[in-house]
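Only a predicted model underlies this, so the values are computations on that prediction, with no experimental measurement involved. Residue numbers begin at 1 in each chain, while the letters A, B, ... track the order of the sequences.
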There are 2 protein chains.
Amino acid sequence: MTHNTAPPSDLTFWSFVDYAVQKAEQELPSVNADAMRLVLTLNRATSMVIYDLESSVHRPRGLTWPGFRVIFALWLAGPMEAKTTAEISGMSRAALSALLNTLERDGLILRERATHDRRALQLSLTEDGYRAILGGFRAHNRRESAWAEALEPAERQELVRLLNKLMAGSTEAKAKFRS
Amino acid sequence: MTHNTAPPSDLTFWSFVDYAVQKAEQELPSVNADAMRLVLTLNRATSMVIYDLESSVHRPRGLTWPGFRVIFALWLAGPMEAKTTAEISGMSRAALSALLNTLERDGLILRERATHDRRALQLSLTEDGYRAILGGFRAHNRRESAWAEALEPAERQELVRLLNKLMAGSTEAKAKFRS
DNA sequence: CCCTTATGATCAAACATTTGATTAGTTGGA
DNA sequence: TCCAACTAATCAAATGTTTGATCATAAGGG
């Protein structure tokens, strides 16, 4: 059985994508290797960048990555309804609800009932939250810059263009979105 | 205070990146806007793709995304030590250890002591695990293909090249890696 | 006006991840 | 040989995510 073949002894994080694509083509000749390579690579690159940002910038300052995203959104977009925060920071309403417990307990955000709709929550940063995002974002952006320097300016622009085109295709692809 | 400015009323998942980059430049003129846009876009694109794959393919079949990654690695690379599985599937050993409890309980993988080093674990797929990955991966790859179709073949190749170049820069950038 | 339906938020249970500590086994040097 | 240093794995506590259910409020049609 091919699935019991021993792995190459030198299999590493770096060599796995090439190995996996080649092996999958052997096991399943009908596989779309380009799509497979694209998604594998996309996932790896992002997870490296985010892990680095979270572990080297945000956790040492007392924020998780999701916590940072929420504070960041509130910093830039100002006080807003929780529903909007969830949407623009890319998380479900339930996940945000749980996350807000921590951020509120740590005194970074304020959770208030909206006046025009008593079901809705109005979120805003506290002064501590504002201080946290100011310092945190500067460090965050320095780390982002270090990553971005791997690419030429034109390459950065092209990468963003391709990612946006990929996202735009999600409608066509009938992708499932968070609710 | 600028951080209390009201957000535009039409702020959505799609318009947030442009808005955020522009706003951050107002608040902090020293910001590296290109790097910021790159990381924001990378994170969003990946999270959309992964969320779609997990929620439309893997969870309905009883696997989480991390669970799929481990089974997938074991399928392609064959039986191997847990340390290698953690490395190539991009998770810490502690995270893998916890994840294996679920996969073992569900009868998808086997956890055995290695003979040459009694500290080490030897991981392998059960027949159920093999069946799960065969069916799951076909559906997974179909969904990947739908996403990939948003790009021209040359664009897919270029996107992969740019992501690899970005990852390769991590050494230069002194990024922090999982252990 | 009332009732059905829709919407915003939260809850509950299961799961995965992080960091830091601990346990078990291996290795190399005094 | 023995012990210190290292390594593989697990544990523990805190955190965040998912799906599906529940609660409260709002909105619309008869």
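Mapped onto DNA chain C by nearest heavy atom, B/Thr115 and A/Ser97 fall at different nucleotides, with A/Ser97 at the one closer to the 5' end. For the pair B/Glu81 and A/Gly67, both in contact range of DNA chain D, the more 5′-proximal nearest nucleotide belongs to B/Glu81. Checking B/Leu100 against A/Leu99, the closest nucleotide of DNA chain D that is more toward the 5' end is the one next to B/Leu100.
Among the nucleotides D/dA8, C/dT17, D/dG16, the one closest to any side-chain atom of B/Lys83 is D/dA8. When distances run from any side-chain atom of B/Ala95 to the nucleotides C/dT17, D/dT10, D/dT17, the shortest one goes to C/dT17. In the set C/dC15, C/dG8, C/dT10, the nucleotide with an atom closest to the side chain of B/Thr64 is C/dC15. Out of C/dG25, C/dT19, C/dT10, the shortest distance to the side chain of B/Asp117 is found at C/dG25. Of the candidates D/dA9, C/dT10, D/dG16, the closest approach to any side-chain atom of A/Pro66 belongs to D/dG16.
Nearest heavy atoms, B/Phe16 versus B/Arg44: CD2-NH2, 3.2 Å.
As a whole-Å value, the separation of B/Arg93 CZ from C/dA21 C1' is 15 Å. Spacing between atom CZ of A/Arg113 and atom C1' of C/dG8 amounts to 8 Å, rounded to whole angstrom units. Atom-to-atom, CG of A/Leu96 to P of D/dT18 comes out at 11 Å; the value is rounded to the nearest Å. Straight-line distance from the CG atom of A/Leu103 to the C1' atom of D/dA14: 14 Å, rounded to whole Å.
A sub-4.0 Å separation between OP1 or OP2 of C/dC15 and a side-chain N or O of B/Arg105 is present. Taking only side-chain nitrogens and oxygens, B/Ser92 comes nearer than 4.0 Å to OP1 or OP2 of C/dT18. The shortest distance between the side-chain N/O atoms of A/Arg178 and the OP1/OP2 oxygens of D/dT18 is below 4.0 Å. At the phosphate of D/dT10, OP1 or OP2 sits under 4.0 Å from a side-chain N or O atom of B/Arg111.
No more than 12 heavy atoms of other residues, nucleotides or ligands lie within 6.0 Å of NZ in A/Lys83, so this atom counts as exposed by the packing criterion. Under a cut-off of 6.0 angstrom, the local environment of CD in B/Glu172 is sparse, with at most 12 non-hydrogen atoms contributed by other residues, nucleotides or ligands.
Residues A/Pro66 and A/Val70 form no side-chain contact, since every pair of their non-hydrogen atoms from C-beta on lies 4.5 Å or further apart.
Counting non-hydrogen atoms under 4.0 angstrom, A/Ala94 reaches a base of the nucleic acid. Within 4.0 Å of A/Ala98, counting heavy atoms only, lies at least one base atom of the nucleic acid. Among the atoms of the strands shown, only primed sugar atoms or phosphate atoms (P, OP1, OP2) are found under 4.0 Å from some heavy atom of A/Arg118.
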Checklist entry - Yes or no on salt bridge (charged side-chain N to carboxylate O under 4.0 Å, His left out) for B/Asp128 and B/Arg131, after CA distance, side-chain angles and deciding distance? => result CA-CA 5 Å; B/Asp128 274 1; B/Arg131 273 191 292 275; 2.5 Å; yes
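B/Arg119 contributes a side-chain N or O that forms a donor-acceptor pair with the base of D/dT7 under 3.5 Å.
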